[in-house]
Each structure stands twice: as structure tokens, then as C-alpha cells.
There are 2 protein chains.
Amino acid sequence: MKKAEATRLMILQKAFELIYVKGYQTTSIDDIIATTKVTKGAFYYHFKSKDEMGLAIINEILKPTLTNSFIEPLQTEENPLDAIYNLMDNLLMKNDFLKVEYGCPASNFTQEMTPWNSEFNKALNVLTQEWTKAITATIERGKKSDTIRKDVNAKQVTIFVMSGYWGIRNLGKLENSKKVYVSYLKQLKIYLDSLK
Amino acid sequence: MKKAEATRLMILQKAFELIYVKGYQTTSIDDIIATTKVTKGAFYYHFKSKDEMGLAIINEILKPTLTNSFIEPLQTEENPLDAIYNLMDNLLMKNDFLKVEYGCPASNFTQEMTPWNSEFNKALNVLTQEWTKAITATIERGKKSDTIRKDVNAKQVTIFVMSGYWGIRNLGKLENSKKVYVSYLKQLKIYLDSLK
DNA sequence: TCAGAAACATACTAAATAGTATTTTTTGTA
DNA sequence: TACAAAAAATACTATTTAGTATGTTTCTGA
């Protein structure tokens with residue numbers, strides 16, 4: 001990797017951290033250049049605006065994370081229902097990229113930017129669609145292998161499961177405790193079992 | 001109601017509208033005084049800071065709405081499971097205080113303010129606790145009247161249902177369509193039926 | 001009716017903000 | 001090694017922001 005590329009990526013990573021913790025609006029360019037120890041000239045050499053950087057965070061930081069942590073695990077696990085449950089269990093209880101007190105980055109972004117920036121909206125929609133596709137495919141796989149009932153509506157279940165995940169992240173953030181995650185996971189298990 | 005009180009309430013209502021649409025950070029005091037046609041002097045006569053106003057919105061606008069639209073309906077409906085389902089159906093599909101493109105006000109607030117303002121956090125937690133209590137009570141009522149199985153964990157189910165609601169609001173906001181609400185509601189029904 | 005307080009209006013300020021113009025340094029390569 | 005382009009540093013600007021200081025008007029009760 002060229003040095004310039006490394007700088008760019010470093011800015012994105014640290015900026016993401018800041019934004020994940022503090023929110024997009026409340027993170028200023030000055031905050032970012034202070035923690036990255038990069039000058040304003042360097043920052044604006046790599047990004048022509050704050051919003052362009054925001055989009056780059058979605059596409060170059062969140063997207064790979066989605067692929068690695070939200071989609072791949074679904075494909076490696078044999079049993080589809082276990083795959084979904086274990087994914088959630090890992091994301092909520094074990095993953096240490098995501099912190100309970102800061103919620104879900106994609107969800108935070110959605111809440112904060114969707115009202116006023118359609119570019120962010122589009123980029124976030126792409127992420128969501130990709131995750132949706134992966135979960136739906138997993139359920140369809142289960143239907144084929146007879147571990148999930150044929151009458152189960154894969155898309156509906158996906159939406160139901162996804163919304164639960166986003167919501168519980170929000171609730172965990174509010175209460176600043178993983179306790180709600182445990183309750184959520186128990187009921188998720190019961191719900192998933194009902195699809196057998 | 002005294003005239004001054006009316007002014008205060010009018011500011012809160014219009015400010016809430018603005019914040020619900022644009023977000024808290026991106027709504028400036030100048031925005032608020034422009035749309036309320038109240039001068040800065042008047043604004044700061046009623047609220048000593050923007051954050052105090054934000055808290056007042058939670059306590060004086062959101063709280064009554066919670067009581068009227070999120071809690072009361074649970075208590076008037078006879079059958080507990082129907083009560084919960086109908087509540088969600090009403091909130092998502094019929095209520096016109098809440099708009100799909102702007103998501104859930106409480107959820108928006110949580111996402112945006114929780115990271116940096118513990119006062120907001122506390123106030124929002126109170127709202128959530130109240131709703132939690134109401135849903136849990138409804139489920140317990142169902143267990144007593146034998147419309148819900150005795151082995152159902154009321155608190156867990158409450159958390160599961162609530163997280164689904166928050167999440168689907170977020171998803172609806174992202175996709176700007178009530179279509180996801182329909183899918184969510186269908187699976188919610190199936191899930192609730194499994195508690196019988 | 002009039003004094004004093006409540007309610008509102010006007011004009012400002014200091015700080016923060018995103019972004020720019022210009023210069024300097026670093027780097028790859030002919 | 002020279003030199004052009006890439007990368008980064010510096011110093012600035014215009015605007016927006018929350019908030020204040022100091023009025024003026026309106027109301028209310030003795």
C-alpha cells in the first residue's frame with residue numbers, strides 16, 4: 001500500500017471511531033485532524049468535503065465489516081437457523097468492534113443522516129440490501145435442506161430478524177447494558193425454532 | 001392556559017416537528033425562531049438553553065404521546081395479544097403523528113443524543129421504562145386470563161417486541177416505505193400467536 | 001391608574017465550523 | 001540528480017452557531 005493510501009485509510013478509521021462514539025454532526029473536521037494528527041491540508045487533499053469522507057466511511061469501512069462479520073458467518077455455518085442465531089449471538093455478545101454503549105454504526109448513520117442527505121441514504125441502503133439478501137438466502141437454503149418449513153416467508157422473516165437486531169442495538173445503547181441482548185437472544189431462539 | 005404558557009407550548013411543538021424531520025443537531029435555534037416567529041429574546045425567556053428545550057420536548061411532548069398512543073391502547077383492548085398486535089398495527093400503519101420517512105422520535109433522539117448528553121439519556125430511559133412496564137403488564141394479564149401460556153417470560157417478550165418496533169421504524173425510515181412494516185406485522189402476528 | 005414584574009424584541013458577541021488559497025515538503029522516475 | 005507531480009502544512013475566511021446584554025412592551029393586581 002502506498003503511503004498516501006495508508007494516510008487516507010488511517011483518517012477513515014479514526015474518523016469512523018470518533019463518529020461511532022460521538023455521532024456524525026458532533027464530530028468536527030478539527031476533531032478529526034486533532035486525533036489523526038493530520039493537517040487540514042492533508043485532510044482536504046484526500047477528501048473534498050466532510051460528506052465525501054462520510055460516504056467513504058460507509059463504503060470503505062462499514063462495507064467490508066458487513067461482509068466479514070455480518071454475511072460471511074452465515075455462509076460458513078452448516079445449519080441455517082443456527083447460522084442466523086449464532087450470527088446474532090456473536091455480533092451482540094462477542095464482537096468487540098461493536099460496543100453496546102455506541103449501538104450499531106449503520107443504524108446510527110441511518111438515524112442521523114437519512115433525513116438530510118440522500119447520498120448517505122443510498123449508500124446505507126446498499127448495505128442493508130446486501131445483508132437482507134444474505135439472510136434471505138440462508139433461510140431459503142434451510143427450506144431446501146428441510147431444516148426450515150416450506151411455508152416460511154424468507155423475506156418477511158429476514159425483515160423481522162433484522163429489525164429486531166437494529167432495535168435491540170438501540171435499546172442496548174439507551175440502557176448501556178448487554179442485559180437486554182440476553183433477553184432478545186432468548187426470544188430470537190424461540191422464534192427461530194418456530195420456523196422448523 | 002395563560003398566553004405565555006401557550007407560547008412555550010407552541011415553541012415546543014414546532015421545535016419538535018423540526019427536530020423530528022431534520023434531527024436535533026441540524027436544527028438550530030435560528031431555525032426554530034424563524035418557523036415559530038418568536039424572537040430570540042422570547043425563546044431564551046422560556047428556555048435557558050437549547051438542551052433544556054430538548055428535555056422539555058421529551059417530557060412535555062413525547063411523554064404525553066407515549067401515554068396516549070403507546071400505553072392507553074394496551075389497556076382498553078380486552079385480549080392482550082390482540083392489544084399488542086393492534087397497537088403496533090395502529091402505530092405503524094394508521095397513526096399520522098408518526099411518519100415513515102422520519103422514523104420514531106424517541107429512537108431518533110436516543111441515537112443522536114445518548115452519546116453526549118446523559119440528561120437526555122435519563123429522560124428517554126424513563127419513557128422506555130414506562131412503555132416496557134405497560135407491555136409487560138399486558139402480557140401478565142394474558143397469562144392470568146389464560147390467553148397466553150404460563151411459561152412465557154413477559155419481560156423477555158416485551159424487549160423482543162419493543163426492539164422489533166424500534167428496528168422496523170429505522171428500516172422504514174431508510175427505505176422510506178411502509179412495505180417493510182407489512183412484513184414486520186405479519187411475522188409479529190405469527191410470533192405473538194406462538195405465545196398462546 | 002400605576003408600579004413592578006412578566007413577556008417579548010433587538011442588536012450584539014465569542015466561539016466553532018467547513019472549507020480555501022497558498023506555500024512547502026516529499027516522492028517517484030527519466 | 002533534477003524536476004514534476006503528489007502529499008502535506010500553514011494561515012486564513014465567511015458563515016453559522018448558541019447564547020447574552022439591554023432594551024421595550026404588555027399584563028396584573030393593589
Side-chain angles (χ1 to χ4, degrees), chain A residues 1-58 60 109 112-120 123, chain B residues 1-58 60 109 112-120 123:
Chain A
M1 181 161 43
K2 275 198 245 153
K3 202 180 162 226
E5 269 180 74
T7 305
R8 181 194 156 90
L9 197 63
M10 185 266 281
I11 295 174
L12 286 179
Q13 279 164 342
K14 298 224 165 156
F16 164 78
E17 268 300 321
L18 278 176
I19 291 167
Y20 182 36
V21 171
K22 301 188 9 162
Y24 182 81
Q25 300 291 345
T26 41
T27 300
S28 67
I29 306 287
D30 286 326
D31 285 340
I32 294 169
I33 67 174
T35 62
T36 53
K37 273 140 174 61
V38 144
T39 59
K40 201 158 256 196
F43 180 91
Y44 278 98
Y45 173 77
H46 289 287
F47 309 99
K48 67 173 194 290
S49 72
K50 186 185 180 185
D51 283 2
E52 193 189 273
M53 180 210 63
L55 277 173
I57 287 177
I58 295 176
E60 296 168 45
F109 265 92
E112 215 180 331
M113 336 258 231
T114 283
W116 53 270
N117 190 312
S118 70
E119 285 298 312
F120 280 98
Chain B
M1 181 161 42
K2 276 198 244 155
K3 205 183 159 223
E5 270 181 73
T7 306
R8 180 193 157 90
L9 196 63
M10 185 267 281
I11 295 173
L12 285 179
Q13 279 163 343
K14 298 224 165 156
F16 164 79
E17 268 300 320
L18 278 176
I19 290 167
Y20 181 37
V21 171
K22 300 187 12 164
Y24 182 81
Q25 299 292 343
T26 40
T27 300
S28 68
I29 306 287
D30 286 326
D31 285 340
I32 293 169
I33 67 173
T35 62
T36 53
K37 272 139 175 63
V38 144
T39 60
K40 202 158 255 195
F43 180 91
Y44 279 97
Y45 174 77
H46 289 286
F47 310 99
K48 66 173 194 287
S49 71
K50 186 185 180 185
D51 284 2
E52 194 189 272
M53 180 211 63
L55 278 173
I57 287 177
I58 295 176
E60 296 167 46
F109 265 92
E112 214 180 330
M113 337 260 232
T114 283
W116 53 268
N117 190 312
S118 69
E119 285 298 312
F120 280 99

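Letters go in sequence order (proteins before strands), and every chain restarts at 1. Values reported hereafter were calculated over all heavy atoms of this structure, with side chains retained and with hydrogens, waters and symmetry mates removed.
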Worksheet item: Under 3.5 Å, is there a donor-acceptor pair linking the side chains of B/N117 and B/Y24?
Response: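 No, because no side-chain N or O of B/N117 sits under 3.5 Å from a partner of the opposite role on B/Y24.
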Fill in: Residue of the set B/I11, B/V38, B/L12 for which side-chain contact (heavy atoms from CB on, under 4.5 Å) holds with B/I32
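Between B/I32 and the candidates, side-chain contact (heavy atoms from CB on, under 4.5 Å) is satisfied uniquely by B/I11.
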Item to complete: Measure up the B/Y20 and B/F16 rings against each other and bin them: parallel (under 30°), tilted (30 to 60°), perpendicular (over 60°).
Response: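 Geometry flag for B/F16 against B/Y20: parallel rings.
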Return the value, rounded to whole Å, for the distance between atom [atom1] of [X] and atom [atom2] of [N].
{"X": "B/Y45", "N": "D/dT24", "atom1": "OH", "atom2": "C1'", "result": "15 Å"}
{"X": "A/F47", "N": "D/dA8", "atom1": "CZ", "atom2": "P", "result": "11 Å"}
{"X": "B/M10", "N": "C/dC8", "atom1": "CE", "atom2": "C1'", "result": "12 Å"}
{"X": "B/R8", "N": "C/dA6", "atom1": "CZ", "atom2": "P", "result": "15 Å"}
{"X": "A/L9", "N": "D/dA7", "atom1": "CG", "atom2": "C1'", "result": "16 Å"}
{"X": "B/E5", "N": "D/dT26", "atom1": "CD", "atom2": "P", "result": "21 Å"}

In Å, rounded to the nearest 0.5 Å, how long is the span from [atom1] of [X] to [atom2] of [Y]?
{"X": "B/T39", "Y": "B/Y45", "atom1": "OG1", "atom2": "OH", "result": "12.5 Å"}
{"X": "B/I58", "Y": "B/F120", "atom1": "CD1", "atom2": "CZ", "result": "5.5 Å"}
{"X": "A/E52", "Y": "A/Y44", "atom1": "CD", "atom2": "OH", "result": "10.5 Å"}

Worksheet item: Looking only at side-chain N and O atoms, does B/H46 come under 4.0 Å of OP1 or OP2 in C/dC8?
Response: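 Answer yes for this pair, as a side-chain N or O of B/H46 is under 4.0 Å from OP1 or OP2.
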Worksheet entry | Contact state string [nucleotides 17-30 of chain C, B base, S sugar-phosphate only, - no protein heavy atom under 4.0 Å] | SBBB----------
